[in-house]
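Below is one structure, written out as structure tokens; the observations come after it.
Order of the sequence lines sets the chain letters (A, B, ...), proteins ahead of strands, with each chain counted from 1.
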Amino acid sequence: MSSELLKDLEARGLIFQIAGEAELPAWLDGGSRTLYCGFDPTADSLHIGSLVPLLMLRRFQLAGHKPLALVGGATGLIGDPSFKAQERQLNTPDVVAGWVDKIRDQVSKFIDFDAGEASAEVVNNLDWTEDVSVLDFLRDIGKHFSVNAMIQKESVKQRIEREGSGISFTEFSYMILQSYDFAELNKRHGCSLQIGGSDQWGNITGGIDLTRRLHGNQAFGLTMPLITKSDGTKFGKTESGTVWLDPARTSPYAFYQFWLGTADADVYNFLRFFTFLDVDAIAEIERSDAERQGRPAAQGVLAEEVTRIVHGDEGLAAAVRITDALFSGSFEALSEDDFGQLRQDGLPASTVARAELPETLTQMLTEAGMAASGKQVKDALGRDAVLVNGVAASWAQNAAVADVFSQDAARFGRFYLVRLGKKKYHLFEMV
RNA sequence: GGAGGGGUUCCCGAGUGGCCAAAGGGAUCAGACUGUAAAUCUGACGCGAAAGCUUCGGUGGUUCGAAUCCACCCCCCUCCA
């Protein structure tokens with residue numbers, strides 16, 4: 001490999017497989033190249049699983065190449081079967097179309113549209129597929145695919161071989177659609193490199209083959225490793241579920257907290273995967289962390305960098321503001337305006353009418369989403385793990401909601417910051 | 001079509017008439033220890049503040065009493081054709 005970019009990616013551990021490995025470095029070094037990565041709309045937001053490919057597009061752009069972010073308005077209607085255990089439920093066209101709009105806006109934040117010849121573009125595969133007739137598709141595209149080869153792909157093998165699972169013709173065709181995308185982008189934009197997660201290998205090589213057959217052009221593929229955690233649990237999940245990129249789904253504060261909680265064993269890898277920090281700088285952080293006692297600095301750096309990339313300076317500031325208020329000492333220092341700000345910044349909060357207080361604390365905290373059931377609240381109350389404005393509430397006070405949330409206990413006459421356990425906070429505003 | 005084995009609480013998986021809201025493990029939540037980490041230990045873990053209410057594929061039935069027995073139905077797996 002001679003390409004500086006590839007060396008850096010290699011050092012970061014971001015390369016899983018390369019198709020056309022021998023020629024790729026020289027090709028990349030030969031000028032500004034065009035590459036693409038697809039994002040299917042399977043929800044109204046991407047989650048952090050898409051972060052690595054999104055940042056990858058940006059890495060290529062920073063190295064002078066032109067990234068195309070493909071939003072799968074067409075493929076999203078079909079559903080990618082790759083390594084999925086079961087057939088998926090189809091979403092209606094209007095729902096998918098709505099998601100496409102959201103995803104388009106979202107991916108746009110990660111790439112630069114004003115970078116000269118390396119300026120990014122967003123494309124939608126529905127544009128070149130919706131008017132293709134079935135007969136044209138079967139004759140012009142389908143003819144280039146061997147079913148014999150397709151059923152050999154690892155990504156669909158279990159669906160074909162395992163009894164009781166099965167795969168519909170619809171999902172089986174997905175690979176052809178995605179391959180057609182690559183060939184089409186090659187024709188339209190001179191795009192000759194597709195990147196994606198390691199599960200996309202089969203789809204990518206399919207597109208490389210089709211590009212050669214249809215247009216006689218050589219194309220490349222690069223996949224990134226699946227992000228795993230040292231403890232074996234799935235990356236990207238928290239107690240409250242998936243970590244989304246949309247601030248309306250996962251607040252910048254929750255997002256920041258997610259990264260702050262990264263295990264020591266993963267944090268340096270994550271810095272390489274999810275930030276643009278130089279690998280040497282990351283190694284330096286690792287070294288100085290190893291020398292110090294106690295808490296490493298790496299998680300803080302990671303949380304700060306990734307939150308800034310995804311939510312910008314304002315989102316980061318909001319996240320840090322809440323974190324400082326809640327975790328570094330006295331929330332008593334918060335001003336009246338600060339409380340309102342916390343709520344704006346994404347701290348979970350709710351407004352309760354003093355006249356309509358629930359009968360019990362268990363009810364109140366469960367309804368606020370702080371716990372899954374009254375039993376959990378009961379357990380926490382019994383262990384002094386519920387603090388209302390810093391004062392522990394007891395199980396004996398369960399039915400005495402009005403006492404716990406008394407006027408005297410309020411901050412500025414209406415705010416109650418409730419903590420359950422070590423990390424769960426909820427702001428109640430009494431009206 | 002034939003033969004056999006299954007469907008149990010979020011997941012895996014015991015349980016074959018009362019002691020079963022149902023063993024054990026995992027996940028999850030809380031506590032201790034810590035660094036808002038990991039590991040470990042402790043407690044909780046169907047819902048409910050409680051009284052109590054609702055579960056063991058579905059529907060009926062037997063019984064004082066069923067996840068457990070019977071009938072029918074639905075679904076899954078293995079082997080044979």
Side-chain angles (χ1 to χ4, degrees), chain A residues 85-87 158-159 161-166 228-243 251-271 285-286 288-304 307 319-331 347-348 357-388 390 392-405 417-426:
Chain A
Q86 285 185 323
E87 184 84 10
Q158 63 159 333
R159 290 280 291 277
E161 289 178 352
R162 230 181 69 191
E163 236 176 282
S165 53
T228 55
K229 293 203 293 177
S230 56
D231 63 4
T233 57
K234 198 167 157 58
F235 169 77
K237 298 281 183 190
T238 68
E239 317 79 58
S240 40
T242 304
V243 180
S251 72
Y253 161 67
F255 188 85
Y256 181 86
Q257 285 287 323
F258 168 80
W259 294 102
L260 206 56
T262 303
D264 292 5
D266 296 318
V267 71
Y268 305 101
N269 277 335
F270 285 7
L271 279 168
I285 294 172
E286 184 163 11
S288 74
D289 276 347
E291 285 169 8
R292 86 167 67 190
Q293 291 292 317
R295 184 169 197 172
Q299 279 87 347
V301 176
L302 178 68
E304 185 179 323
T307 305
V320 170
R321 212 154 38 222
I322 299 182
T323 297
D324 284 350
L326 302 185
F327 292 96
S328 67
S330 54
F331 70 92
L347 181 71
L357 281 177
E359 305 256 315
T360 59
L361 291 175
T362 48
Q363 206 178 330
M364 185 154 168
L365 302 196
T366 305
E367 279 170 7
M370 295 189 78
S373 71
K375 285 268 175 35
Q376 287 183 6
V377 178
K378 177 180 179 178
D379 184 53
L381 283 169
R383 291 163 180 271
D384 285 343
V386 176
L387 301 183
V388 178
S394 69
W395 172 236
Q397 291 173 293
N398 188 40
V401 179
D403 289 349
V404 175
F405 288 86
L417 189 60
V418 177
R419 190 180 101 182
L420 192 161
K422 279 198 184 88
K423 306 185 201 176
K424 277 184 292 221
Y425 285 92
H426 193 97

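The closest side-chain heavy-atom distance from A:L347 to A:Y425 is below 4.5 Å. Side-chain contact check for A:L387 versus A:V418: every heavy-atom pair is 4.5 Å or farther apart. You'll find the side chain of A:Y253 reaches within 4.5 Å of the side chain of A:L326, heavy atoms only.
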Donor-acceptor list for residues 374-385 of chain A side chains, cut-off 3.5 Å, not counting sequence neighbours:
residue	atom	partner	partner atom	Å
A:Q376	OE1	A:A372	N	3.2
A:D379	OD1	A:R383	NE	3.3

Listing, residues 395-402 of chain A side-chain donor-acceptor contacts under 3.5 Å, not counting sequence neighbours, or none:
residue	atom	partner	partner atom	Å
A:Q397	OE1	A:S394	N	2.9
A:Q397	OE1	A:S394	OG	3.4
A:N398	OD1	A:L361	N	3.1
A:N398	OD1	A:T362	N	3.1

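For the P atoms, the distance linking B:G7 with B:A14 amounts to 8 Å, nearest Å. Spacing of C1' atoms, B:A32 relative to B:G25, comes out at 24 Å, to the nearest Å. Here, B:U34 and B:A38 have their C1' atoms 10 Å apart, quoted to the whole Å. With C1' as the reference atom, B:G15 and B:G24 are 11 Å apart, rounded to whole Å. Nucleotides B:U9 and B:A81 are separated by 40 Å at their C1' atoms, to the nearest Å. The gap from the C1' atom of B:G60 to that of B:A51 amounts to 32 Å, rounded to the nearest Å. Here the separation of B:U62 from B:A71, taken at their P atoms, is 15 Å to the nearest Å. Taking atom P in both B:C11 and B:C47, one finds a spacing of 14 Å when rounded to whole Å.
The nearest pair of heavy atoms linking A:A319 to A:P252 is CB-O, 3.6 Å. Residue A:F270 comes nearest to A:T228 through the heavy atom pair CE1-O, 4.0 Å, listed as atom of the first residue, atom of the second, then distance. Closest approach of A:A368 to A:H426, counting heavy atoms only: O-CE1, 3.3 Å.
A:L420 comes within 4.0 angstrom of the backbone, heavy atoms only, and of no base.
Nucleotide B:U62 forms a pair with no other nucleotide shown, judged by Watson-Crick or G-U wobble geometry with both contacts under 3.5 Å. Under the Watson-Crick or G-U wobble criterion, with both distances below 3.5 Å, B:G48 is left unpaired in every strand shown. B:U16 is unpaired under the Watson-Crick or G-U wobble criterion, no partner having all donor-acceptor distances under 3.5 Å. Applying the Watson-Crick and G-U wobble criteria (two distances, each under 3.5 Å), B:U78 pairs with B:A3. In this structure, B:C41 and B:G31 make a Watson-Crick or G-U wobble pair, each of the two defining distances being under 3.5 angstrom.
Contacts of A:A298 classified as side chain to side chain contact (heavy atoms under 4.5 Å, CB included), with partners at least two apart in sequence or in another chain: A:V267, A:Y268, A:L271, A:I285, A:D289. The salt bridge (charged side-chain N to carboxylate O under 4.0 Å, His left out) test applied to A:R419 returns no partner, not counting sequence neighbours. Every residue meeting the side-chain hydrogen bond (donor to acceptor under 3.5 Å, both in side chains) condition with A:E304, not counting sequence neighbours, appears here in chain and number order: A:R308.
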Pairs under 3.5 Å (N/O, protein and nucleotides 33-38 of chain B):
residue	atom	partner	partner atom	Å
B:C33	N4	A:K422	NZ	3.4
B:U34	O4	A:K422	NZ	3.1
B:G35	O6	A:D264	OD2	3.2
B:G35	N1	A:D264	OD1	3.3
B:G35	N1	A:D264	OD2	2.7
B:G35	N2	A:D264	OD1	2.8
B:U36	O2'	A:K423	NZ	3.4
B:U36	O2	A:Q257	OE1	2.9
B:U36	N3	A:Q257	OE1	2.9
B:U36	N3	A:Q257	NE2	3.3
B:U36	O4	A:Q257	NE2	3.3
B:A37	OP1	A:K423	NZ	3.3

Between the protein and nucleotides 40-43 of chain B, are there any N/O to N/O pairs under 3.5 Å, and if so, what are the atom names and distances?
residue	atom	partner	partner atom	Å
B:G43	O2'	A:R383	NH2	3.4
B:G43	N2	A:D379	OD2	2.9

N/O to N/O distances under 3.5 Å, protein versus nucleotides 21-24 of chain B:
none

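In this structure, CG on A:L302 lies 9.0 Å from CZ on A:F258, to the nearest 0.5 angstrom. With rounding to the nearest 0.5 angstrom, the CE atom of A:M370 is 5.0 Å from the CG atom of A:L420.
Residue pairs meeting the side chain to side chain donor-acceptor pair (under 3.5 Å) criterion with at least one partner in residues 256-265 of chain A, sequence neighbours excluded, are A:Q257-A:T323, A:D264-A:Q299.
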In B/S/- notation (B base, S sugar-phosphate only, - none; protein heavy atoms under 4.0 Å), nucleotides 48-55 of chain B written 5' to 3' is BBS-----

